[in-house]
Amino acid sequence: KGSLEEHALLLSDIQLGSRVDEEETGGLSAFSWDIFCERNARMESAIRSIRDTQRSSVPVKRLNIFGLGDYGDGHEIFKGHPWELDMHVAQQVTEGPWVIAQTIVRLLDLFSEIHFFTVYGNHGRVGQKREATPVLASWDYIFVRFLELMTGPQPDAEGKPRITFHYAQSWWSLVERMGLRFLMIHG
């Protein structure tokens, strides 16, 4: 009791913009903008429930979000891919971050600080498969930059940012927290 802890949230493969029709999958799966919004609300509710359960026994001041990419679904991932989208990539990287940004800002009532670490996935790539592109030439990078701009730093009373973003400069990243190392890679 009383030892300091941090929470970790894994955020990966949202693939916002993807349209999965329940009828076409024989009732096995469905995905759309509305389902994304429902899942985001359920995620926030779960974070609050876990935090409330631990509030009385363990001080948790920091939330670490480990973003593993594929936030949007892109638009040129495979031949015929545009037929499986319900949002253009420009909508994916602007509207999706707005929903997540609102959630992150609301979570500041539970955590003193939130850190978002990100790497990039294959659905965020700009260009065709096997085409050499710089790591940051990625829709995932743009998605998270919009997310950062939409949340703002939310400074505390001393002017220190309460929300901080950390961008990988390669296809992987190693994050150290509380004596533990986390290898971040989009699989």
Side-chain angles (χ1 to χ4, degrees), residues 8-48 63-107 114-151 163 165-168 170-173 175 182-187:
L9 171 65
L10 182 65
L11 190 64
S12 181
D13 293 277
I14 298 169
Q15 295 180 338
L16 183 60
S18 177
R19 180 190 58 80
V20 178
D21 187 289
E22 191 169 15
E23 287 184 30
E24 289 181 8
T25 65
L28 296 176
S29 185
F31 189 71
S32 65
W33 170 259
D34 291 336
I35 292 171
F36 158 71
C37 291
E38 290 168 14
R39 289 179 181 176
N40 185 74
R42 195 168 64 231
M43 176 188 70
E44 181 179 351
S45 177
I47 292 167
R48 290 183 177 285
L63 171 64
N64 297 297
I65 301 173
F66 297 108
L68 299 183
D70 280 3
Y71 309 114
D73 204 36
H75 70 285
E76 297 182 271
I77 304 309
F78 52 86
K79 200 169 190 150
H81 187 231
W83 294 106
E84 296 188 7
L85 298 175
D86 71 353
M87 298 176 85
H88 186 274
V89 71
Q91 293 170 301
Q92 295 170 27
V93 301
T94 55
E95 295 178 30
W98 177 243
V99 172
I100 296 171
Q102 292 176 80
T103 300
I104 290 173
V105 170
R106 283 191 302 267
L107 289 173
I114 296 175
H115 288 258
F116 193 110
F117 301 89
T118 190
V119 295
Y120 319 102
N122 58 310
H123 281 254
R125 80 171 168 263
V126 176
Q128 298 295 318
K129 190 174 187 175
R130 294 185 182 84
E131 201 174 68
T133 57
V135 172
L136 297 183
S138 165
W139 292 113
D140 283 338
Y141 173 78
I142 294 169
F143 189 103
V144 177
R145 276 296 286 143
F146 270 112
L147 180 60
E148 180 179 15
L149 293 170
M150 290 173 180
T151 61
I163 303 175
F165 286 80
H166 309 269
Y167 297 87
S170 70
W171 54 274
W172 64 277
S173 181
V175 177
F182 299 87
L183 176 61
M184 292 180 52
I185 185 170
H186 179 80

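What you are looking at is a predicted structure, and each value in this text was computed from that prediction instead of being measured. Numbering starts at 1 and runs along the sequence shown. Atom set for the values below is all heavy atoms of this structure, side chains included, hydrogens, waters and symmetry mates excluded.
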Tell me which pairs pass salt bridge (Lys or Arg N to Asp or Glu O under 4.0 Å) where either residue lies in [range], with sequence neighbours left out.
range: residues 38-48; value: Glu44-Arg48, Glu44-Arg106, Arg48-Asp109
range: residues 20-36; value: none
range: residues 138-148; value: Arg145-Glu148

Interatomic spacing from CG in Leu149 to OG1 in Thr94 - rounded to 0.5 Å: 12.5 Å
Establish, yes or no, whether a centroid distance under 6.0 Å links the rings of Tyr167 and Tyr141. yes
With respect to Tyr71, which candidate in Thr118, Ile142, Leu147 satisfies the side-chain contact (heavy atoms from CB on, under 4.5 Å) definition? Thr118
When you compare the side chain of [Y] with that of [X], does any pair of heavy atoms fall below 4.5 Å?
X: Leu136; Y: Tyr120; result: yes
X: Ile100; Y: Ile14; result: yes
X: Met150; Y: Pro97; result: yes
X: Trp139; Y: Gln92; result: no

Side chain to side chain contact (heavy atoms under 4.5 Å, CB included) between Met43 and Leu9: does it pass, once the steps are laid out? CA-CA 10 Å; Met43 176 188 70; Leu9 171 65; 4.0 Å; yes
With sequence neighbours left out, the residues meeting side chain to side chain donor-acceptor pair (under 3.5 Å) with His88 are none
For the residue pair Val175 and Met184, what are the closest heavy atoms and their distance? CG2-SD, 3.6 Å
May I ask you to decide if Ala41's main-chain N or O and Ser45's side chain share a donor-acceptor pair within less than 3.5 Å? no
For Thr25, which residues count as a side-chain contact (heavy atoms from CB on, under 4.5 Å) partner, sequence neighbours excluded? Val20, Leu28, Ser29
Classify the ring geometry of His115 against Phe117: parallel below 30°, tilted from 30° to 60°, perpendicular beyond 60°. parallel
Table please: side-chain donor-acceptor pairs of residues 63-70 below 3.5 Å, with sequence neighbours left out.
unit_1: Asn64; atom_1: OD1; unit_2: Arg62; atom_2: NE; d: 2.7
unit_1: Asn64; atom_1: OD1; unit_2: Arg62; atom_2: NH2; d: 3.1
unit_1: Asn64; atom_1: ND2; unit_2: Glu6; atom_2: OE1; d: 2.8
unit_1: Asp70; atom_1: OD1; unit_2: Asn122; atom_2: N; d: 3.2
unit_1: Asp70; atom_1: OD1; unit_2: His123; atom_2: N; d: 2.7
unit_1: Asp70; atom_1: OD2; unit_2: Gln15; atom_2: NE2; d: 3.4
unit_1: Asp70; atom_1: OD2; unit_2: His186; atom_2: NE2; d: 3.1

